[in-house]
Chemist: 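A single structure is presented below for examination.
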Amino acid sequence: MIDAPPGGFRGPVKRSITIAGHQTSISLEPIFWDRLDAAAVARGLPLSALVAAIDARRITEADPPNLASALRSWLLLTGAVA
């Protein structure tokens with residue numbers, strides 16, 4: 001049997017962030033928002049600056065994923081989500 005994560009399963013929450021001079025809405029599960037906020041603090045950056053940096057890297061890919069997928073992947077691959 002698989003146990004639910006602490007706090008249970010929770011669906012995405014939409015937030016608006018300004019990146020590259022324009023507003024964009026991103027939907028992520030609360031655990032990802034929490035980890036993204038912590039990663040920004042750890043780097044001494046505003047959340048919008050961290051998202052913009054990840055977005056700038058994302059768009060250099062040959063077949064870039066959507067921004068929410070890129071954020072989740074970045075968090076998992078950098079160890080910011082354990």
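Quick note: numbers below take in every heavy atom, side chains included, and nothing from hydrogens, waters or symmetry partners.
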Chemist: In Å and rounded to the nearest 0.5 Å, what is the OG to CG distance from S48 to D55?
Modeler: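 S48 atom OG to D55 atom CG measures 12.0 Å (nearest 0.5 Å).
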Chemist: Looking only at heavy atoms, what is the nearest atom pair of P64 and E61, with distance?
Modeler: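 Looking at all heavy atoms of both residues, the shortest contact is CD-O, 3.3 Å.
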Chemist: Taking all heavy atoms of G11 and all of P30, pick out the closest pair and write down the distance.
Modeler: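 Closest heavy-atom pair between G11 and P30: O-CD, 3.3 Å.
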Chemist: Answer yes or no: is there a donor N or O on one side and an acceptor on the other, between the side chain of R35 and the main chain of L75, under 3.5 Å?
Modeler: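 Not a single qualifying donor-acceptor pair exists.
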Chemist: Are the side chains of T60 and R57 in touch, meaning some heavy atoms are under 4.5 Å apart?
Modeler: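 Yes; the side chains approach each other to less than 4.5 Å.
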Chemist: Find out if a path of hydrophobic residues (ILVMFWY) with successive side-chain heavy-atom gaps under 4.5 Å connects W33 to L45.
Modeler: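 Yes, it is one cluster - the side chains of W33 and L45 are joined through contacts under 4.5 Å.
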Chemist: Could you check if a side-chain atom of V13 sits within less than 4.5 angstrom of a side-chain atom of E29, using non-hydrogen atoms only?
Modeler: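 When only atoms from C-beta onward are counted, E29 and V13 do not touch, as no gap falls below 4.5 Å.
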Chemist: Any non-hydrogen side-chain atom of Q23 less than 4.5 Å from a side-chain atom of I17?
Modeler: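 Contact flag for Q23/I17 side chains = no.
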Chemist: If we only count heavy atoms from C-beta on, is the V51 to L47 side-chain gap below 4.5 Å?
Modeler: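 Counting from C-beta outward, V51 and L47 do come under 4.5 Å.
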Chemist: So do I26 and K14 actually touch side chain to side chain, heavy atoms under 4.5 Å?
Modeler: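 A side-chain contact under 4.5 Å is absent here.
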Chemist: Closer than 3.5 angstrom, by distance alone: can the side chain of S73 be matched with the main-chain N or O of S69 as a donor-acceptor pair?
Modeler: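 Judged by distance alone, yes, a pair lies under 3.5 Å.
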Chemist: Quick one: does any side-chain atom of R58 pair with a main-chain N or O of I54 as donor and acceptor, under 3.5 Å?
Modeler: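 No.
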Chemist: For a quick test of reading the model, state the closest non-hydrogen atom pair linking A68 to S27 and the distance between them.
Modeler: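 What the structure gives for the nearest pair is CB-O, 3.7 Å.
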Chemist: Would you compute the distance between atom CZ of R72 and atom CG of L36 and round it to the nearest 0.5 angstrom?
Modeler: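 These two atoms lie 11.0 Å from each other.
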Chemist: Kindly indicate whether the side chain of W74, heavy atoms from C-beta on, has any atom under 4.5 Å from the side chain of T78.
Modeler: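 Yes, their side chains come closer than 4.5 Å.
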